[in-house]
Amino acid sequence: MREDQDIDYQEGVNVLREHAPAAREKPDPEAGREPLSLWALLLCSFFLVVGGGYLGANNGGFRMDQYTVRGYQPEAKPPNPYEPRSGGEWLPQWLAAGKRVYANCAGCHQGNGMGVAGQYPPLAGAEWVVQGTEQLAMIILNGLVGPIQVSGSMYNTQGMQAWKAQLSDREIAQVMTFIRRSWGNEALISDGTGGIVTEEMVAFARNKHGAKEDNHVAGDLEGFNTPLPGVPVDPATGNPLPGGSEAASESAAANEGEAGGF
């Protein structure tokens with residue numbers, strides 16, 4: 001008869017509680033953390049395969065070893081929208097560029113060109129804008145300080161800064177065109193330019209007046225209520241108008257005969 005081998009029959013431990021976690025393969029699901037459905041996983045895999053196949057078939061010739069297809073010709077660089085061009089699109093593009101430059105001026109002269117009473121003169125209907133491009137170019141190039149009469153009212157300008165160092169001839173021409181063709185000003189212009197100012201015109205003004213070291217006062221502008229010399233351009237293309245060179249030469253000669261730089 002076999003001897004007992006010290007078998008411990010102590011029942012102080014709950015066997016079911018101790019072995020229950022090990023007996024389960026997966027924990028009980030919790031609210032909001034249920035396992036993903038097998039059908040959902042299959043559906044996602046299907047879309048990944050179909051989408052990857054579509055992108056592979058419509059990759060525009062992109063390859064890992066060669067970025068362009070053999071014989072591929074890149075599209076031509078789009079033309080500068082502010083260069084003379086056909087199709088009647090030049091002037092709207094020129095004005096749009098001028099409007100962007102005018103954002104530097106709108107804080108004082110306002111978006112509607114009406115200015116602020118007693119402080120900042122209006123540009124809408126102002127004689128300084130519609131009667132002659134040379135005085136307007138002088139103001140933008142060198143700035144303006146002190147009292148000035150505009151449209152019958154006095155304004156004590158505290159100091160409009162000079163923009164000749166910040167803006168190119170083209171940018172000044174664009175913003176001048178925008179000002180002269182906005183807020184009804186175009187109906188008041190009778191110099192034959194249609195309110196359009198060209199880069200050539202501003203270059204003449206910069207050469208003649210740009211050396212001035214301080215701001216203009218109203219008295220400096222007397223005698224310069226004249227159009228800047230330059231060949232008028234076709235609003236549709238920006239190209240010089242036929243016969244414009246002779247008129248521009250006569251205007252330049254007249255300007256050179258007047259009191260000039262400072």
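Index from 1, following the sequence.
- Of the possible polar contacts, none joining the Gln135 side chain to the Glu222 backbone as a donor-acceptor pair under 3.5 Å is found.
- Listed here is the closest heavy atom pair of Val231 and Pro240: CG1-CB, 3.6 Å.
- Between Ala218 and Pro147, the shortest heavy-atom distance links the atoms CB-O, 3.6 Å.
- Looking at every heavy atom in both residues, Met160 comes nearest to Ile140 through CE-CA, 4.0 Å.
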Q: Please assess Val175 against Trp163 for the test side-chain contact (heavy atoms from CB on, under 4.5 Å), listing each intermediate value before the final yes or no.
A: CA-CA 12 Å; Val175 74; Trp163 288 98; over 6 Å; no

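- Proximity of Pro121 to Ile148: side-chain heavy atoms (C-beta onward) are separated by under 4.5 Å at one or more points.
- Distance check, rounded to the nearest 0.5 Å: CG of Leu167 to CD of Gln174 gives 10.0 Å.
- From Leu91, atom CG reaches atom OG1 of Thr237 across 10.5 Å, with rounding to the nearest 0.5 Å.
- Checking side-chain atoms of Glu186 against main-chain N and O of Gly195 turns up no donor-acceptor pair under 3.5 Å.
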Q) Under the side-chain contact (heavy atoms from CB on, under 4.5 Å) criterion, do Gln166 and Gln161 qualify, and how do the steps go? A) CA-CA 10 Å; Gln166 288 82 9; Gln161 74 173 79; 4.0 Å; yes

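- You'll find the side chain of Gln110 stays beyond 4.5 Å of the side chain of Tyr120, heavy atoms only.
- Looking only at side-chain heavy atoms (C-beta outward), Pro122 and Tyr155 come within less than 4.5 Å of each other.
- Under the 3.5 Å distance criterion, the side-chain polar atoms of Asn142 are left unmatched by any main-chain donor or acceptor of Asn215.
- For the atom pair CG of Leu43 and CG of Leu38, the computed distance is 11.5 Å after rounding to the nearest 0.5 Å.
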Q: Verify ring-ring contact (aromatic ring centres under 6.0 Å, His included) between Phe224 and Trp128, making sure each step is shown before the conclusion.
A: CA-CA 10 Å; Phe224 294 105; Trp128 304 98; over 10 Å; no

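- Rounding to the nearest 0.5 Å gives a distance of 12.5 Å between CZ of Arg180 and CG of Leu123.
- Contact check for Asn239 versus Val233: no side-chain heavy atoms found under the 4.5 Å cut-off.
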Q: Could you please spell out the steps behind the side-chain contact (heavy atoms from CB on, under 4.5 Å) verdict for Val49 and Phe46?
A: CA-CA 5 Å; Val49 172; Phe46 171 77; 5.9 Å; no

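- No continuous path of ILVMFWY side-chain contacts below 4.5 Å connects Val145 to Met138, so the two sit in separate hydrophobic clusters.
- The shortest heavy-atom contact between Asp191 and Pro227 is OD2-CB, 4.4 Å.
- Residues Arg170 and Glu199 are paired through a salt bridge, judged by an N-O separation under 4.0 Å between the basic side chain and the carboxylate.
- Annotation for Gly125 and Leu188: closest pair CA-CD1, 3.9 Å, computed over non-hydrogen atoms.
- The line from CG of Asp220 to NE2 of His209 is 10.5 Å long, rounded to the nearest 0.5 Å.
- Here Ile179 contributes atom CD1 and Leu95 contributes atom CG; the two are 11.5 Å apart, rounded to the nearest 0.5 Å.
- Met114 and Phe178 fall into different hydrophobic clusters, defined by Ile, Leu, Val, Met, Phe, Trp and Tyr side-chain heavy atoms under 4.5 Å apart, directly or through other members.
- Under a 3.5 Å cut-off, the side chain of Arg206 and the backbone N or O of Leu141 do not form any donor-acceptor pair.
- Using a distance-only test at 3.5 Å, with no hydrogens or angles considered, a donor-acceptor pair links the side chain of Thr177 to the main chain of Val197.
- Shortest non-hydrogen contact noted between Ala137 and Ala205 is CB-CB, 3.8 Å.
- In this structure the side chain of Glu134 reaches within 4.5 angstrom of the side chain of Lys208, judged on heavy atoms.
- Checking side-chain atoms of Asn207 against main-chain N and O of Phe204 turns up no donor-acceptor pair under 3.5 Å.
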